[in-house]
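Everything below concerns the one structure shown next.
Values reported hereafter were calculated over all heavy atoms of this structure, with side chains retained and with hydrogens, waters and symmetry mates removed. One-based numbering along the sequence shown.
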Amino acid sequence: MNEFELRILDFIREHLACPFLDAVMPVITSLANGGIIWIIAAVLLLIFKKTRKTGFSVALALIGGLIIGNLLLKNLVGRIRPYDLNEGIEILIARLSDYSFPSGHTLASFEAATVLMIRDKRLGIPALILAVTIAFSRLYLYVHYPTDVLAGIILGVFIGFFACKAVDLLYKRFKS
């Protein structure tokens with residue numbers, strides 16, 4: 001499987017790499033370092049009563065993803081990063097010290113984008129576009145395999161969906 005996935009990453013590098021994307025992709029990926037853009041979004045949403053429920057949902061999703069993806073799955077699977085397997089690759093960002101599976105940047109991005117799509121499509125559509133771009137940046141930068149990103153997308157959608165349901169139940173319980 002790794003060989004096929006490395007071929008996909010090599011294809012991206014050979015056919016899409018250019019100075020513009022080499023400059024832009026590290027910036028795009030950095031927006032999700034530590035989930036920062038999504039944490040900021042959750043805090044901003046929590047400030048206003050009208051969007052507080054959405055903010056709680058984003059926050060819960062991010063916490064769930066941190067526990068499931070970064071603390072459990074990354075350590076259970078222990079998958080090395082593609083640039084460690086293909087040592088001839090020079091990457092555009094600093095080497096990472098954690099494991100590759102699943103992509104935490106993608107996971108957090110799709111958790112938040114899923115919540116925002118469910119709660120308010122006007123916020124969800126730009127969030128989804130950003131999430132897709134962040135996910136692609138992880139491939140472009142050669143720091144994740146395609147299946148790492150795919151797992152981040154799938155987990156992110158599920159966790160985002162369940163975070164919305166959990167917050168809905170909590171709101172119902174405390175309103176009655």
Side-chain angles (χ1 to χ4, degrees), residues 21 23-77 79 81 93-94 96-141 143-176:
L21 290 178
V24 169
M25 287 298 164
V27 173
I28 289 170
T29 216
S30 72
L31 294 173
N33 287 353
I36 191 65
I37 192 136
W38 308 116
I39 293 168
I40 291 169
V43 169
L44 291 173
L45 291 164
L46 284 166
I47 291 171
F48 303 101
K49 185 172 178 150
K50 181 179 175 185
T51 58
R52 196 162 290 146
K53 187 175 182 182
T54 302
F56 280 127
S57 299
V58 172
L60 182 61
L62 292 173
I63 292 166
L66 174 68
I67 293 167
I68 294 167
N70 288 38
L71 299 178
L72 293 175
L73 285 175
K74 277 189 187 273
N75 293 311
L76 282 173
V77 175
R79 187 178 202 189
R81 296 203 176 257
I93 60 172
L96 303 161
S97 59
D98 63 346
Y99 293 115
S100 185
F101 182 91
S103 168
H105 283 66
T106 303
L107 176 59
S109 298
F110 275 86
E111 289 162 352
T114 298
V115 168
L116 292 169
M117 283 296 289
I118 290 168
R119 299 281 190 223
D120 184 350
K121 285 189 180 36
R122 292 171 300 164
L123 296 173
I125 290 170
L128 184 59
I129 292 167
L130 181 58
V132 168
T133 307
I134 289 169
F136 177 73
S137 77
R138 306 308 284 169
L139 300 172
Y140 185 90
L141 295 169
V143 294
H144 282 291
Y145 301 95
T147 51
D148 298 342
V149 170
L150 183 61
I153 292 168
I154 292 167
L155 273 171
V157 169
F158 278 112
I159 293 170
F161 175 80
F162 286 112
C164 285
K165 293 298 176 197
V167 169
D168 286 346
L169 288 172
L170 286 171
Y171 263 68
K172 228 182 247 186
R173 177 160 190 193
F174 287 107
K175 280 195 172 191
S176 14

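Between T106 and H144, every side-chain heavy-atom pair lies at or beyond the 4.5 Å cut-off. Side-chain contact between I159 and L107 is present, with heavy atoms from C-beta onward closer than 4.5 Å. Annotation: side chain of V115 is not in contact with side chain of W38 (no heavy-atom distance under 4.5 Å). Counting heavy atoms from C-beta on, the side chains of L139 and V149 come closer than 4.5 Å. L73 places a side-chain heavy atom less than 4.5 Å from the side chain of L155. Taking 4.5 Å as the limit, some side-chain heavy atom of I37 sits within range of a side-chain heavy atom of L130. Between R79 and T147 there is a side-chain heavy-atom pair separated by less than 4.5 Å. Contact annotation: the side chain of R52 never approaches that of L45 to less than 4.5 Å [non-hydrogen atoms, C-beta and beyond].
Nearest heavy-atom pair, I36 versus S30, reported as atom, atom and distance to 0.1 Å: CG2-O, 4.1 Å. The two residues P102 and G69 have their closest heavy-atom pair at CD-O, 3.8 Å. In plain terms, the two heavy atoms of G35 and A108 that are nearest each other are CA-CB, 4.5 Å. Here the shortest heavy-atom pairing between L128 and F110 reads CD1-CE2, 3.7 Å. Between A166 and L60, the closest heavy-atom pair is CB-CD2, 3.8 Å. Contact record, G160 with A61: CA-CB, 4.1 Å, taken as the closest heavy-atom pair.
A donor-acceptor pair is defined here as one N or O able to donate and one able to accept, closer than 3.5 Å; no such pair exists between the side chain of T29 and the backbone of M25. Side-chain N or O atoms of D120 include none that pairs as donor or acceptor with a backbone N or O of L116 at under 3.5 Å.
Ion pairing of R119 with D168 is present here, as a side-chain N (NZ or NE/NH1/NH2) and a carboxylate O approach within less than 4.0 Å.
To the nearest 0.5 Å, atoms CZ (F158) and OG1 (T114) are separated by 10.0 Å. Summarising the geometry, atom CG belonging to L76 is positioned 10.5 Å from atom CG belonging to L71; distances are rounded to the nearest 0.5 Å. Within the model, atoms CG of L123 and CD1 of I118 stand 13.5 Å from one another, a figure rounded to the nearest 0.5 Å. Atom NE2 of H105 is separated from atom CG of L96 by 7.5 Å, given to the nearest 0.5 angstrom. Atom CG of residue L66 and atom CG of residue L72 lie 9.5 Å apart, to the nearest 0.5 angstrom. The OG atom of S103 sits 7.5 Å away from atom CZ of R81, with the distance rounded to the nearest 0.5 Å.
Annotation: F136, atom CZ; neighbour count of heavy atoms from other residues, nucleotides and ligands within 6.0 Å is above 12.
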